[in-house]
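Notes for the one structure printed next.
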Amino acid sequence: MQDTAPQTEVPAEDLARHAAKMAKKKAARDKIMATKEGEKGLLIVHTGAGKGKSSSGFGMILRCIAHDMPCAVVQFIKGAWDTGERRLIEENFAGLCQFHAMGEGFTWETQDRARDIAMARKGWEKAKELIRDPEIRFVLLDEINIALRYDYLPLDEVLDFLRDEKPPMTHVCLTGRNAREELIELADLVTEMALVKHPFRSGIKGQKGVEF
């Protein structure tokens, strides 16, 4: 069907004003970008009460895969879940991305603090191995902030390793709410997801494709 919506003609002076404004913005942006030439392996933290921390981390994992960059995931806490991300990576991109599900569920599900600590420790040992690997460019430590919050892992040990032993060009992303202040201080990039509204509060359970 032909579009019959009325066409509003923009006055020539408005077009010229807009073009001049955009040219000025572009010049300012180009000037800023010209000073940003450095590269380094970033320490990234996704935290906050809002949804999207792990989702954003897995988004970066997919970017790495698209760029043929070897990467890896270590999943703390949620390792027992059958997630879409895990299926996709293990079934299609195992050659580029290692996936290690080390947790057995949230602490109120396992109800075994000693076992939770042991599993977190095992996950951290695997994480160090992957981060040290010179072939791996990006490592996602999913929900490690939860393990740090509950003191399943010694914070000082994690901070010291990330500060002193992470290879200069390796990116590491740590997700989970309640990130420790010391970790936020050490990080290069920190994003806090704010909770504005969530269907869980209206009685809607977590659903495939949205939550996992």
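Positions are given from 1, in the same order as the sequence printed here.
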Any I65 side-chain heavy atom under 4.5 Å of N92 side chain
no
Sub-4.5 Å side-chain heavy-atom contact between W124 and V158
yes
Connected via hydrophobic side-chain network under 4.5 Å: I144 and V172
yes
Here the gap from L148 atom CG to L141 atom CG, rounded to the nearest 0.5 Å, amounts to 9.5 Å
Measuring from atom CD of Q75 to atom CZ of F99, what distance do you get when rounded to the nearest 0.5 angstrom?
4.0 Å
Before giving the answer on side-chain contact (heavy atoms from CB on, under 4.5 Å), spell out for V74 and M102 the whole-Å C-alpha distance, their side-chain angles and the decisive distance to 0.1 Å.
CA-CA 7 Å; V74 179; M102 311 301 289; 3.7 Å; yes
For K166 and G41, work out which heavy atoms get closest and say how close.
NZ-O, 3.0 Å
Spacing of C173 atom SG and L189 atom CG [to the nearest 0.5 Å]
8.0 Å
Value rounded to 0.5 Å, distance of OG1 in T170 from CZ in R137:
7.5 Å
Do the side chains of I44 and L159 join up, straight or via other hydrophobic residues, at under 4.5 Å, putting them in one cluster?
no
Considering all heavy atoms, the nearest A179-V45 contact:
CB-CG1, 3.8 Å
Would you call D142 and E85 a side-chain contact if the rule is heavy atoms closer than 4.5 Å?
no
Say whether M119 and V73 are linked into one hydrophobic cluster, either directly or through other cluster members, by side-chain heavy-atom distances under 4.5 angstrom.
no
Path from L62 to F138 over hydrophobic side-chain contacts below 4.5 Å:
yes
Are R163 and E182 within salt-bridge range, i.e. N to O under 4.0 Å?
no
With a 4.5 Å cut-off on side-chain heavy-atom distances among I, L, V, M, F, W and Y, is there a chain of contacts connecting L96 to I89?
yes
Should the pair R121-E125 be classified as a salt bridge under the 4.0 Å nitrogen-to-oxygen rule?
yes
Closer than 4.0 angstrom, basic N to acidic O: yes or no for E91 and R87?
no
List the atom of I136, the atom of Q98, and the distance in Å for their closest heavy-atom pair.
CD1-NE2, 3.8 Å
From L88 CG over to E90 CD, what is the distance, rounded to the nearest 0.5 angstrom?
10.5 Å
